[in-house]
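Just so we're on the same page: letters track the sequence lines, and every chain starts at 1.
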Number of protein chains: 2
Amino acid sequence: MGFWKTWFSTSESTAASRTGAFEEMSADVMGNSSPSSDRIVFSTEREIDLYELEELCDAVGWSRRPLRKVKKAIEHSFLVATMWQVRGNQRRLIGFARATSDHAFNATIWDVVVHPDFQGKGLGKALMKYVLKKLRSEEISNVTLFADPHVVDFYRTMGFMADPEGIKGMFWYPH
Amino acid sequence: MGFWKTWFSTSESTAASRTGAFEEMSADVMGNSSPSSDRIVFSTEREIDLYELEELCDAVGWSRRPLRKVKKAIEHSFLVATMWQVRGNQRRLIGFARATSDHAFNATIWDVVVHPDFQGKGLGKALMKYVLKKLRSEEISNVTLFADPHVVDFYRTMGFMADPEGIKGMFWYPH
Ligand SMILES: CC(C)(COP(=O)(O)OP(=O)(O)OC[C@H]1O[C@@H](n2cnc3c(N)ncnc32)[C@H](O)[C@@H]1OP(=O)(O)O)[C@@H](O)C(=O)NCCC(=O)NCCS
Ligand SMILES: CC(C)(COP(=O)(O)OP(=O)(O)OC[C@H]1O[C@@H](n2cnc3c(N)ncnc32)[C@H](O)[C@@H]1OP(=O)(O)O)[C@@H](O)C(=O)NCCC(=O)NCCS
């Protein structure tokens with residue numbers, strides 16, 4: 001919260017360039033349906049209110065996870081991307097994604113989510129583009145993810161390929 | 001190299017418990033074909049001779065990667081597992097695997113390799129068991145990997161499942 005206070009108590013553009021973490025997306029993504037006073041903002045800042053994140057994940061029906069572990073996962077992710085609706089001096093967390101990586105060859109994207117109120121407007125795609133831009137800027141050449149069946153086509157529209165050359169995503173659970 | 005010198009210049013058991021990184025595997029894995037003087041040793045020590053690792057990867061026909069990036073990837077992997085043949089006071093790198101992780105929920109295993117001279121003896125399985133034991137001890141509950149078509153069955157023998165509940169491994173390459 002301290003971070004947001006700082007951000008809003010100073011000129012936005014100054015704060016954004018100081019932290020280097022905030023970026024505004026082009027206005028056309030929201031289409032004409034969105035009030036012109038709304039802005040959608042992306043960030044790689046990791047100071048996230050874990051309860052706000054939990055609320056977002058609850059909204060899409062994900063099962064709850066211990067906040068202690070969520071905190072640890074965020075700390076040890078290579079990239080954490082958040083998407084915010086900014087209206088006046090209010091902000092609301094409306095999207096999230098993160099990636100693990102070896103910082104050299106590969107990154108794996110996890111926990112991609114857009115709040116139901118904001119789905120189907122191109123924002124999921126915009127969030128993923130933001131993530132891919134960040135990963136590409138770090139020279140990561142192999143970006144992977146594990147897609148639930150109902151979102152395989154969502155990722156396909158962004159250029160992800162399922163099982164390229166027969167490569168299989170595999171899972172192991174402790175027993 | 002300094003690490004190995006230390007290891008061999010002191011009593012093995014002392015050094016092993018001091019570093020905490022070395023573990024000997026049970027003798028039965030090599031079967032009866034192996035000379036009784038040989039030992040197979042596992043380690044999570046990251047001080048690896050990158051040229052020796054390159055030689056191992058060359059031996060299975062993997063394309064070369066810049067050593068600078070390999071070094072960075074090893075540094076930023078959550079787990080690095082190596083397998084060594086120890087004969088008298090000689091040691092040889094015969095297996096390698098590493099995993100990225102968020103240190104909380106998931107880990108993804110990359111670059112699993114056993115030297116061709118040592119394949120088909122159960123050592124790949126032993127190396128993977130070692131990796132899984134280490135990941136489980138860190139409370140990682142979701143272990144994933146991307147398997148080339150010819151090794152899907154190798155991972156299946158270890159309990160990995162391909163596309164469970166229709167989850168698809170997907171890839172994106174920069175363009
Ligand atoms: C998946 C999710 C992130 C998509 O976000 P979104 O903002 O609704 O997606 P967009 O509006 O940006 O859609 C982008 C494109 O994907 C398509 N698309 C969106 N959701 C889709 C879905 N579930 N299945 C197939 N296609 C989908 C859109 O039609 C659009 O295609 P177009 O570019 O050809 O017009 C969002 O629906 C969500 O959070 N779902 C719940 C959580 C979840 O399942 N996450 C993925 C876990 S692996
Ligand atoms: C894949 C690899 C690590 C396996 O190591 P290995 O020491 O030969 O394997 P093991 O002897 O421990 O075999 C364990 C089990 O898997 C089976 N197996 C081994 N290699 C296999 C393969 N390529 N395809 C199918 N099954 C295989 C064995 O038959 C054995 O089965 P069992 O337990 O029922 O007897 C090794 O062959 C290798 O390094 N290959 C080249 C690199 C590579 O392709 N890595 C994987 C990249 S995704």
request  = Taking the side chain as every heavy atom from C-beta outward, state whether B:Met158 and A:Trp172 have any pair of such atoms under 4.5 Å apart.
outcome  =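 B:Met158 does not reach A:Trp172 side chain to side chain.
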task = Below 4.5 Å from any heavy atom of chain A, which atoms of B:Glu165 appear? Answer side chain, backbone, both or neither.
result =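 For B:Glu165, the backbone is the part near chain A, not the side chain.
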message = Can you tell me which portion of B:Arg98 sits under 4.5 Å from chain A's heavy atoms? Options are side chain, backbone, both or neither.
response =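 Answer is side chain: those atoms of B:Arg98 sit under 4.5 Å from chain A.
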Which of B:Leu135, B:Ile74, B:Ile140, B:Val70 touches chain A most, by non-hydrogen pairs under 4.5 Å =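 Looking at each option in turn, the highest pair count goes to B:Val70.
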inquiry  = I'd like to know which of B:Met161, B:Glu139, B:Lys72 tops the heavy-atom pair count under 4.5 Å against chain A.
reply    =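 Greatest number of close heavy-atom pairs with chain A: B:Met161.
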ask   = Taking only heavy atoms into account, what residues of residues 106-115 of chain A are found under 4.5 Å from chain B?
value =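 Within residues 106-115 of chain A, the residues that come under 4.5 Å of chain B (heavy atoms only) are A:Asn106, A:Thr108, A:Trp110.
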key: Those residues of residues 147-154 of chain A, ordered by number, that approach chain B below 4.5 Å (heavy atom to heavy atom)   =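 Heavy-atom contacts from residues 147-154 of chain A to chain B are A:Ala147, A:Asp148, A:Pro149, A:Val152.
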query = chain B heavy atoms under 4.5 Å from A:Arg65: which part of the residue, side chain, backbone, both or neither?
reply =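 Side chain of A:Arg65 only, per the 4.5 Å heavy-atom cut-off to chain B.
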task = Any ring-ring contact (aromatic ring centres under 6.0 Å, His included) involving residues 45-77 of chain B? Give me the pairs, sequence neighbours left out, ordered by first then second residue.
result =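 Residue pairs with at least one partner in residues 45-77 of chain B: A:His103-B:His76.
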query = Does NZ in A:Lys129 sit with more than 12 non-hydrogen atoms of other residues, nucleotides or ligands closer than 6.0 Å?
reply =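 Incorrect, the count does not exceed 12.
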request  = List for me each residue that meets side-chain hydrogen bond (donor to acceptor under 3.5 Å, both in side chains) alongside A:Asn142, sequence neighbours excluded, and say none if there are none.
outcome  =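 None.
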key: Closest heavy-atom pair and its distance - A:Met170, B:Phe160   =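 That would be CE-O, 3.6 Å.
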query = Hey, are B:Lys168 and A:Asp163 close enough for a salt bridge, meaning a charged N less than 4.0 Å from a carboxylate O?
reply =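 The answer is yes: the pair qualifies as a salt bridge.
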ask   = Hey, would you say the A:Phe146 and B:Phe146 ring centroids sit under 6.0 Å apart?
value =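 Yes; B:Phe146 has its ring centre under 6.0 Å from that of A:Phe146.
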Heavy-atom pairs under 4.5 Å with chain B, option from A:Ala73, A:Pro164, A:Ser101, A:Ala99 with the top count =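 That would be A:Ala73.
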